Every structure is written in C-alpha cells, then in structure tokens.
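Working notes, beginning with the structure itself.
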Amino acid sequence: MTEKKTNKLKILNDPIYGFITIPNALIYDLIEHPYFQRLRRISQMGLSHLVYPGAHHTRFHHAIGCMHLMQKAVRILKFKGVEISDDEANALYIAILLHDIGHGPFSHALESSIANGIHHETISLKFMEALNEEFSGQLSLAITIFKGEYPRKFLYQLISSQLDMDRLDYLKRDSFYTGVAEGNINSERLLTMLNVKKDCLVVEEKGIYSVEKFIVARRLMYWQVYLHKTGLAAEKLLEKVLKRANELSFTGEKLPATKAFSYFLRNAIDETNFTKETLKTFAKLDDYDVLSSIKEWISCDDKILANLSESLINRNLPKVMIQNSSFDKKQLKQIQQDIKRSLELSDDELDYFVYHGKISNQAYDATKNTIKILFKNGDLKDVTEASDHLNIQALSKPVDKYYICYPKK
C-alpha cells in the first residue's frame, strides 16, 4: 500500500487579506505542530472582548497574517532589486510566524503575576530552539535573524522595528475585530513603499502620508482599545485574581486547576529554572485553563479569591478613574477607608480591591529603531524631520495617565 501524500501547499481564507498561501511544506508542518496550534486557544487581545464584543480573534490568526505580510514584503523588495535569497526569505517567514509563540494565556496579566520572572519573547525563542531540534536544524537561520545576530540588519527590522510586519498586522486586525475604524491602516501601501538603503529598511518619500496615518492610528488604538479604561480595569482585576491564587498555592492550598496551570501556580518560574520540561508544560497552557479555573474559584473558601473571581467571570468590574495627573493622597486614602469599611477588609486584603498606577502611550519612539524616509535624491531622514505634520513630533513624546480602580458600591 502506498503512503497517502498530504497536500501541504494549503490556502487559508482570512477576513482581512482574503486568501493566504502557505509557502512550503516546512511551514505547513510548523503550523500543524501542537506548539503552534496552541495559539488557536490564546486570545490576541486578552479581555478586550469585555469592551468590544467582537475582539475574540486569536494569536493564531495574527501569526498567519504576519506571515502573509512578510511574503508580500519580500516580493516587493526583490522586485525593487534587493537581494534576498530563498533561504533568507524562508527564514523570515518562519521567524515572523513564530514570533509570538511564547505568549501565554492573557499574557500581560500572567507576566505581571505568575510567570513574572520570564518574558514571552524569551519563551518564544525557547520554543523555536526546541522546534529547531525537532526539525533537524531547519530553523537555525530564522533563529539567528530573530535574535538580531544576522549581518543583514534590514531582515531583523522586518520582524522587529517600529514598522514591522507584527505591527502592520495587529493594528489592522485589531481595528477590524473591535470595529474601531480609527486604527485601520493602509498596510498594502506601506508595504509597496518599502525599500532598503544602506542595509536599513526605509519607506520611500511617496509613502510618508501612510506612515503618518500609521503612527496616528497606533496612538488612537492605544487610548481607545489597548488602554481603554474598562479593559484596563479587567486586566488589573485578572492580575489580582492570579496573584491571590498564586499566594494561596504557595501556602499549600490546593485550588482546583488543570495540571499545567497548577504547576505555574505552585512554582516560582524564571529564566533560571525554565527547563525543557517547563516548556512542555507551558505548551499545554491556554485561555481555557485559566478561565475554567477561575470559574471554579468562585466557590472556593477564600473569600478574597471567590469575590475577585466572581467579579471577573460575571463582568462586575471595578470602577476606574483615569486622569492626567497623579491622584491626591487624601482622595486615595478616603477611597481606601470607604472600601475597607464596606467590605470589612484588613490592610493586607485591601490591596486586592483598591489599586492605582500609571499607564503610558508613546506612538512613536524617535530614540530607537526609527522610521527612515528615503527621498528621491537619496537622502534619508527620520519621519519626524521629514513630515510637515506637527502632530508626528508631538506623538514621539510619551504621554502618561494615572488610574485608580476600586469596587463599585
């Protein structure tokens, strides 16, 4: 009996870009791998669906979209005479496909509470190295580019810079799924205007207005979506839930949770003890583990964890106030005393229900990985110098806002 051959040059239908082609059998096999399939169960935008109900797309969608944009970028650059070998092109597709593979469930909340000793980019690299062993070294060049160690700088910039394929996809995709039209960028034109000068990724002069729109869209998406005050309150509440569960687990409390989730609740994980076995356990962890556990914790004996879990699951989110200056200490003290009295909390317990901090938004950082505009005479200028849009210079400065969250009365 002859072995049945699988067609690995599949075509996917994406709501943003239409048909996306998987370029070769290796990338097909990487997409089919359980490590990558896990991304289907990791939300791209965490708890943003509590504000924008359509925001249920996953990191799987985003990774595939990034790969598609990278294919377009490579075609455009090669058409303009930039030499990119087949091996380099394939390495770019692999690197951008796997750039977010290290994200855990509700990644930012998880990194701020349980797995706060290791960054998701470090875990992504560990996944890539594990896959490289499994695929007999076929990911070696992709890893070198991903780490920024390859001599051709512009290849790394396509993966990680202020105008990379990651940002081009997530702005357009998140705008689509949230319905926030202000974030909808013209990724097609931005890609068409890309070029390489002195081994640096640049945008041709004709594309400057698209770059301006991209920077403005990024600012609007951060204030309107990523740092939306209700979404912020939900994420901070999730951090408190995970922190409390972590503390109880450390003291020997056996909370209902999946095996993979229990491992991270009971152990302090950082780069020094993140072994190959830890990676295998992490690969089994997704949104379902966290949400199903939190549902169970509503019935647990610890009143703090039960209260916080019930608030999150039933969207009884804290009240949140945001302002441009830090909160007055007297105002903060008054809120803390009111909540402490009404919920009968100790000073230690109060921190789970009243919390404050600072959020920052910098649409464009003029100090690193700057976006260069290529003029017809060959000159290169930073976009802040090249643009006659006064707002672009203003958007290169970080804007800080201050928040306070506490239970609704």
Side-chain angles (χ1 to χ4, degrees), residues 2-40 42 44 58-103 124-152 154-161 164-166 168-170 172-173 187-188 191-192 194 196 201 283:
T2 56
E3 187 181 341
K4 185 180 177 183
K5 289 187 178 180
T6 306
N7 174 22
K8 296 188 176 183
L9 301 179
K10 298 284 187 185
I11 294 175
L12 306 175
N13 196 352
D14 182 76
I16 312 293
Y17 310 118
F19 293 114
I20 293 176
T21 304
I22 297 175
N24 55 57
L26 172 59
I27 288 176
Y28 175 88
D29 289 338
L30 288 170
I31 291 171
E32 287 288 281
H33 196 282
Y35 287 172
F36 190 82
Q37 288 293 313
R38 181 185 70 98
L39 297 183
R40 291 183 184 270
I42 303 285
Q44 173 70 13
T58 67
R59 294 198 180 275
F60 181 91
H61 295 120
H62 168 59
I64 296 291
C66 288
M67 181 195 70
H68 172 70
L69 292 182
M70 188 65 83
Q71 288 177 269
K72 280 194 165 186
V74 168
R75 279 198 299 270
I76 287 163
L77 291 176
K78 288 177 80 170
F79 178 76
K80 292 180 180 180
V82 179
E83 288 188 17
I84 301 174
S85 70
D86 290 345
D87 286 344
E88 287 172 334
N90 201 43
L92 284 172
Y93 306 151
I94 292 169
I96 199 65
L97 182 74
L98 303 180
H99 79 284
D100 270 353
I101 198 170
H103 272 290
S124 289
L125 185 57
K126 288 181 180 294
F127 270 123
M128 291 170 75
E129 288 168 345
L131 287 166
N132 196 33
E133 282 186 32
E134 196 171 325
F135 285 86
S136 306
Q138 293 183 81
L139 281 68
S140 295
L141 182 55
I143 291 170
T144 303
I145 295 173
F146 181 79
K147 291 163 72 175
E149 295 175 353
Y150 195 65
R152 306 189 76 190
F154 77 92
L155 297 179
Y156 175 73
Q157 290 177 314
L158 286 165
I159 297 163
S160 181
S161 66
D164 55 29
M165 300 308 106
D166 176 37
L168 288 184
D169 182 81
Y170 79 62
K172 194 169 183 69
R173 189 170 299 278
S187 56
E188 188 77 29
L191 287 172
T192 305
L194 288 180
V196 173
L201 191 67

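Quantities reported herein were computed from a predicted structural model and do not represent experimental measurements.
Glu133 is linked by a salt bridge (charged side-chain N to carboxylate O under 4.0 Å, His left out) to Lys276, counting only residues two or more places apart in sequence or in another chain. With sequence neighbours left out, the side chain to side chain contact (heavy atoms under 4.5 Å, CB included) criterion links Ile76 to Lys80, Leu191, Thr192. For the side chain to side chain donor-acceptor pair (under 3.5 Å) test, no residue two or more places apart in sequence or in another chain qualifies with Arg75. Shown here are the side chain to side chain contact (heavy atoms under 4.5 Å, CB included) partners of Tyr156, two or more places apart in sequence or in another chain: Ser160. Listed by chain and number, the residues in a salt bridge (charged side-chain N to carboxylate O under 4.0 Å, His left out) with Glu32 amount to none (sequence neighbours excluded).
The ring of His99 has its center closer than 6.0 angstrom to the ring center of His62.
Classified by interplanar angle (parallel below 30°, tilted 30° to 60°, perpendicular above 60°), the ring pair His33/Phe135 is tilted.
We find the NZ-CG distance between Lys172 and Leu168 to be 10.0 Å, quoted to the nearest 0.5 Å. Interatomic distance, Ile31 CD1 to Leu97 CG, rounded to the nearest 0.5 Å: 5.0 Å.
Within the structure, side chain to side chain donor-acceptor pair (under 3.5 Å) contacts touching residues 11-24 (residues at least two apart or in different chains) are Asp14-Arg173, Tyr17-Asp169, Asn24-Asn90.
Salt bridge status for Glu83 with Lys78: absent, with no side-chain N to carboxylate O gap under 4.0 Å.
Inter-residue side-chain proximity for Lys72 and Ser187 is flagged as unmet; no heavy-atom pair is nearer than 4.5 Å.
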